[in-house]
Amino acid sequence: MSAHGDPIPMTARRSGPLRGAAVVPGDKSISHRALILGALAVGETRISGLLEGQDVLDTAKAMRAFGAEVTHEGPGDWTVQGVGVGGFAEPADVIDCGNSGTGVRLIMGAMATSPLTATFTGDASLRKRPMGRVTEPLALFGTRAVGRQGGRLPMTLIGAADPVPVRYVVPVPSAQVKSAVLLAGLNAPGETVVIEREATRDHTERMLAGFGATLRTEEVPEGRAIVLTGQPELVPQTIAVPRDPSSAAFPVAAALIVEGSDVLVPGIGLNPTRAGLFATLREMGADLVYENEREEGGEPVADLRARFSPAMAGIEVPPERAPSMIDEYPILAVVAAFASGPTMMRGIGELRVKESDRIAAMAAGLRACGAEVEEGEDWMIVHGMGAGGLPGGAVCATHLDHRIAMSFLCAGLAAQKPVSVDDAGPIATSFPIFEGLMAALGAEFDRGDA
Ligand SMILES: O=C(O)C1=C[C@@H](OP(=O)(O)O)[C@@H](O)[C@H](O)C1
Ligand SMILES: C=C(OP(=O)(O)O)C(=O)O
């Protein structure tokens with residue numbers, strides 16, 4: 001089933017060269033944060049280039065439910081009239097975050113230190129995902145949470161009326177957990193300290209500083225500490241959201257595996273905590289060039305140029321790189337199937353708790369397409385079959401996971417026989433223009449099974 005309706009089966013066929021420019025939408029992580037921080041500032045935040053995917057639209061709706069005025073001014077252009085730190089109102093109804101782990105976990109953090117109660121739910125995928133990783137640190141502030149067994153949604157949070165600041169070492173590499181604790185720390189007095197052992201995406205820290213919060217980072221024995229001073233008055237901002245590297249990954253990967261392709265993907269955010277896939281692809285021998293490197297809105301940006309790369313070879317992806325490409329392993333697994341030799345991916349246990357168990361979903365689909373895949377609890381090896389070598393000819397289950405759907409549709413563009421997905425509906429959560437954008441490059445997609 002699609003997130004918001006009947007399943008949409010879709011098929012990709014071996015295509016001629018992909019050519020042209022692929023202008024992908026705004027960054028999903030930054031879009032969520034722009035709405036949430038805008039809601040916590042005093043006055044009007046203006047956002048351009050906001051991702052209008054379902055995940056972000058659900059966060060916009062949630063911010064309205066907590067009392068902020070959120071207005072769609074035109075394509076990508078939004079304004080938020082914030083209510084200030086500690087200014088959230090109690091929502092009158094259940095907050096439905098749809099398919100979005102980022103949305104629900106960050107919003108839980110943002111309300112956790114205000115004296116109000118909110119109940120959260122989501123779609124069948126989100127209701128399977130663990131929320132204890134967020135409610136455990138929030139309990140240290142004094143927040144209470146009651147959910148289904150295993151810390152699953154639906155879940156009610158009773159915000160702390162007299163929050164205390166917290167020192168917390170994040171036990172799993174997770175920007176969502178780090179961000180939830182920082183957002184909760186905003187309305188606690190004194191200094192809240194979040195320590196991460198492995199660096200994860202740092203958009204929350206960068207944007208909090210941009211909104212005028214006082215925070216600093218320090219090296220401590222456990223890792224990198226972020227020290228936030230609570231109860232600031234956040235100053236509204238004008239935010240231009242950079243284009244999403246996690247969406248860019250799909251046209252880039254498709255260009256690398258489809259014979260004769262040459263695709264430009266302009267204006268992509270290349271924050272080092274997000275750009276791990278592109279480094280990995282280059283190590284595999286991809287013809288992937290950064291053009292026109294520049295800085296926009298405090299983030300490094302470049303135009304990516306990807307050309308067909310028939311001589312890519314499998315590598316061992318350094319496990320310490322995982323946080324900077326965590327959402328890109330599904331599409332990397334597809335590229336690996338078209339490289340020569342094995343690609344080893346280790347330290348990727350977090351993939352098992354995303355929108356689907358992404359190790360299992362990729363292994364099952366690639367095997368159905370004729371590739372040899374080995375997997376363990378936190379690793380996967382894809383044995384590549386070289387350019388054009390993947391047989392294809394399968395229908396792959398996407399399990400309400402946009403990245404699984406897009407990955408197998410890209411595989412079908414270069415496989416010998418068509419590749420179908422059982423439901424392309426969830427693609428609308430992060431990359432609503434995927435089908436049209438890829439078709440404009442020359443991708444052959446049809447609605448329905450092969
Ligand atoms: O903070 C964020 O915006 C995100 C963090 C990551 O999740 P985890 O924090 O669970 O690793 C990532 O997978 C997700 O797509 C977006
Ligand atoms: C994991 C993802 O998102 P989220 O956790 O926000 O659902 C993703 O977009 O790949």
Side-chain angles (χ1 to χ4, degrees), residues 3 25-37 51 53-59 62 97-110 120 122-134 137 153 170-183 194 196-208 241-242 244-250 269 271 273-274 276-277 322-332 347-359 361-362 398-407 426-432 434:
D27 189 275
K28 177 159 71 70
S29 292
I30 295 176
S31 294
H32 283 294
R33 288 159 171 80
L35 291 169
I36 295 169
L37 290 175
L51 168 64
Q54 193 57 47
D55 278 13
V56 176
L57 297 178
D58 287 333
T59 288
C97 289
N99 191 246
S100 180
T102 308
V104 73
R105 294 187 178 124
L106 269 58
I107 297 167
M108 283 178 168
F120 296 87
D123 70 4
S125 156
L126 194 59
R127 280 184 271 115
K128 285 187 198 151
R129 296 176 68 183
M131 296 298 141
R133 55 177 54 199
V134 167
L153 301 178
V170 184
V172 286
S174 168
Q176 293 176 4
V177 175
K178 170 178 66 176
S179 301
V181 177
L182 287 172
L183 291 171
V194 186
E196 56 179 5
R197 296 195 180 95
E198 295 171 74
T200 63
R201 65 192 67 195
D202 61 0
H203 306 301
T204 302
E205 299 93 297
R206 287 178 186 240
M207 292 176 76
L208 275 170
V241 179
D244 197 328
S246 297
S247 296
F250 296 100
N271 179 314
T273 61
R274 295 290 299 282
L277 172 73
S324 70
M325 53 178 290
I326 195 67
D327 294 340
E328 282 65 77
Y329 282 93
I331 189 63
L332 175 64
I348 56 171
E350 278 293 298
L351 293 195
R352 297 216 181 259
V353 291
K354 298 295 181 185
E355 283 82 329
S356 68
D357 175 341
R358 288 179 171 166
I359 296 178
M362 288 311 299
T398 55
H399 305 283
L400 281 178
D401 190 329
H402 53 135
R403 300 210 193 274
I404 301 299
M406 290 187 278
S407 296
I427 294 172
T429 60
S430 71
F431 197 167
F434 173 79

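Indexing begins at 1, ligand by ligand and atom by atom, following the structure's order.
Looking only at protein heavy atoms, the nearest one to atom 10 (O) of ligand 2 is R403 NE, 2.5 Å. Closest to atom 3 (O) of ligand 2 among all protein heavy atoms lies E355 OE2, 2.9 Å. For atom 1 (O) of ligand 1, the closest heavy atom belonging to the protein is R33 NH2, 2.6 Å. In this structure, the protein non-hydrogen atom closest to atom 11 (O) of ligand 1 is K354 NZ, 3.1 Å. Protein heavy atom in closest approach to atom 6 (O) of ligand 2: T102 OG1, 2.5 Å.
Within ligand 1, the atoms closer than 4.0 Å to a non-hydrogen atom of D327 are 12 (C), 13 (O), 14 (C), 15 (O), numbered from 1 in the order shown. Atoms of ligand 1 found under 4.0 Å from any heavy atom of T102 (numbered from 1 in listed order, with element): 2 (C), 3 (O), 4 (C), 14 (C), 16 (C). For ligand 2, the atoms sitting less than 4.0 Å from at least one non-hydrogen atom of D327 are 1 (C), 8 (C), 9 (O), 10 (O), numbered in the order shown with element in parentheses. Close contacts between ligand 1 and I326 involve ligand atoms 13 (O) [criterion: under 4.0 Å to a heavy atom]. Atoms of ligand 2 lying under 4.0 Å from any heavy atom of Q176, numbered from 1 in the order shown and given with element: 4 (P), 5 (O), 6 (O). Under a 4.0 Å criterion applied to the non-hydrogen atoms of R201, ligand 1 contributes the atoms 1 (O), 2 (C), 3 (O), 4 (C), 5 (C), 12 (C), 16 (C). Residue-ligand proximity, S174 to ligand 1, at heavy-atom distances under 4.0 Å covers atoms 8 (P), 9 (O), 10 (O), 11 (O).
Remark: ligand 2 and G101 share an N or O pair separated by less than 3.5 Å (distance only, no angle test). Taking only nitrogen or oxygen atoms, main chain and side chain alike, S179 does not reach within less than 3.5 Å of ligand 1. Note: no N/O pair closer than 3.5 Å links R403 and ligand 1 by distance alone. Ligand 1 has no N or O atom lying under 3.5 Å from any N or O atom of E350, backbone or side chain. Backbone and side-chain nitrogen or oxygen atoms of D55 are examined, and none is located within less than 3.5 angstrom of a nitrogen or oxygen of ligand 2. Between A175 and ligand 1, at least one N/O pair is under 3.5 Å apart.
The aromatic rings of F250 and F434 sit perpendicular, their planes meeting at an angle over 60°, well past the 30° parallel limit.
Within the structure, the closest approach of K178 to ligand 1 does not fall below 4.0 Å when heavy atoms are considered. Taking 4.0 Å as the cut-off, K28 counts as a neighbour of ligand 1 on heavy-atom distance. Ligand 1 lies out of reach of H203, whose nearest heavy atom is not under 4.0 Å from it.
Of the heavy atoms in H32, none comes closer than 4.0 Å to ligand 1.
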Run the numbers on Q176 and T102 for side chain to side chain donor-acceptor pair (under 3.5 Å), then give the verdict.
CA-CA 6 Å; Q176 293 176 4; T102 308; 2.8 Å; yes

Apply side chain to side chain donor-acceptor pair (under 3.5 Å) to the pair K28 and S246, showing each step before the final yes or no.
CA-CA 9 Å; K28 177 159 71 70; S246 297; over 6 Å; no

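When the heavy atoms of R358, R105, R129, H402 are ranked by distance to atom 7 (O) of ligand 2, first place goes to R129.
With respect to R358 and D401, a salt bridge is recorded, a charged nitrogen being found less than 4.0 Å from a carboxylate O.
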